Number of protein chains: 2
Amino acid sequence: MPKNCNFVDKLREIGLRPTKQRVKLCELLFLREKTFHFTINDLVKKISDEMNEKISLATVYNTVHAFQKKGYLKEIAINSDKTYYDTNTSIHHHFYDEETHELIDCNQNDIDSINLKKNIPGKKIKSVEVLIKVASDNQNQN
Amino acid sequence: MPKNCNFVDKLREIGLRPTKQRVKLCELLFLREKTFHFTINDLVKKISDEMNEKISLATVYNTVHAFQKKGYLKEIAINSDKTYYDTNTSIHHHFYDEETHELIDCNQNDIDSINLKKNIPGKKIKSVEVLIKVASDNQNQN
DNA sequence: CAACAGTTTAGAATAATTATAATGTATAAT
DNA sequence: ATTATACATTATAATTATTCTAAACTGTTG
């Protein structure tokens, strides 16, 4: 979702009704310089803390799913009980800090291209993404 | 956990009491040629279907966590509400079939070595693992 | 403005996982 | 061998993330 844009029109364009809640969430999610990694709970907290608003939990779930479906949010695979999302929807990689549970983007050009020598017969490759787990030191590997 | 081994002794060696349930689970998990990917529910089902036994759900959770802690099982990161485990505890990669939800191992030597150009200051890299999503065709990327 | 379809909402329902507390069992010391 | 003890198992309750539901609400279209 482009920054500095009229979210009302933008939402209409992509076939979602521009409700108050959706516009608020757009502002929270897409008016940012850096890509943003979050869980549903992070969002709910930010809405009440930073925007002094209240959007029902169900709506946050609905809206995040709608944006994901339209391709403006991406679900990130990490070992967690919660689901993480990213405003960077391109195919890219992540550092995952095992101590702070923070995600940091690692773009395609931060990694030499990955060359697969194996494939699955009858299947096409949809994405190849790397998860780099980091920790300060004497941490166990998983 | 080595194949063809006396699980009673092995469990004692690694500091876990060799209870009936743990030995049964060892047999189910580690007496295999290929690496085994599973969820807790897969295990519970296999115990009753293939072994005609009943081990309580809590014990399955406890035991899987104990084995994981001791380094004999590895948690796999994929987008799922369930947690996946792998008997292959080495650092390695996975194909994830978006249609069948099946995991397939992809060893380190099936991929040219990954060269990171970026790092996180003050943090050590603990693992670098690749998830390759596959599907038969006209499937969306995520 | 009226009518309709799409949205929001609170709260119920579900599903995975973890905690609890009573009972059972492997083990080390007697 | 027996017993005491610490560790395990179990059924069940509790918790947490997520999804469903049905009623109230709101953009949009005519």
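All of these numbers come straight from a predicted model, not from anything done at the bench. All heavy atoms count here, side chains included; hydrogens, waters and symmetry mates do not.
Atom CG of B/Leu25 is separated from atom C1' of D/dA8 by 13 Å (rounded to the nearest Å). Atom NZ in A/Lys24 sits about 19 Å away from atom C1' in C/dT9, given to the nearest Å. Taking atom CD1 on A/Ile78 and atom P on D/dA17, their separation rounds to 13 Å, with Å as the unit. Rounded to whole angstrom, the span from the NE2 atom of A/His65 across to the P atom of C/dT7 amounts to 15 Å. In this structure, the CD1 atom of A/Ile47 is 13 Å from the C1' atom of C/dT8, given to the nearest Å. Between the CG atom of A/Leu57 and the P atom of C/dT7 there is a distance of 18 Å, rounded to whole Å. Nucleotide D/dG27 holds its P atom 15 Å from the CG atom of A/Asp9, rounded to whole Å. Here the P atom of nucleotide D/dT26 and the CG atom of A/Leu11 are 18 Å apart, to the nearest Å.
Considering only side-chain N and O atoms, A/Arg12 lies nowhere under 4.0 angstrom from the phosphate OP1 or OP2 of D/dG27. Distances shorter than 4.0 Å separate none of the side-chain N or O atoms of A/Arg17 from OP1 or OP2 on D/dT28. OP1 or OP2 of D/dT10 has at least one side-chain nitrogen or oxygen of B/Gln21 nearer than 4.0 Å. Dashed line: the shortest gap from a side-chain N or O of A/Thr19 to OP1 or OP2 of C/dG6 is not under 4.0 Å. OP1 or OP2 of C/dT17 has not a single side-chain nitrogen or oxygen of A/Lys82 nearer than 4.0 Å.
Closest of all the heavy-atom pairs between A/Arg22 and A/Leu11 is CB-CD1, 3.8 Å.
For the pair B/Ala58 and B/Lys20, nearest-nucleotide mapping onto DNA chain C gives the more 5' position to B/Ala58. Positionally, the nearest nucleotide of DNA chain C for A/Leu16 lies more toward the 5' end than for the other of A/Leu16 and B/Pro18.
Checked for salt-bridge contact, A/Lys46 and A/Asp49 miss the test: no charged N lies under 4.0 Å from a carboxylate O.
B/Thr39 comes within 4.0 angstrom of no nucleic acid atom, judged by non-hydrogen atoms across all strands. In this structure, B/Thr59 reaches the bases: a heavy-atom distance under 4.0 Å links it to at least one base atom across the strands shown.
Among the nucleotides D/dA17, D/dT9, C/dT17, the one closest to any side-chain atom of B/Asn62 is D/dT9. The side chain of A/Tyr61 lies closest to D/dT19, out of C/dT7, C/dA16, D/dT19.
Taking the six-membered ring for Trp and thresholds of 30 and 60 degrees, B/Tyr96 and B/Tyr84 have ring planes more than 60 degrees apart, a perpendicular arrangement.
Checked by atom type, the side-chain pair A/Asn88/A/Ser90 shows a donor-acceptor distance below 3.5 Å.
Side-chain contact check for B/Glu27 versus B/Met51: some heavy-atom pair is nearer than 4.5 Å.
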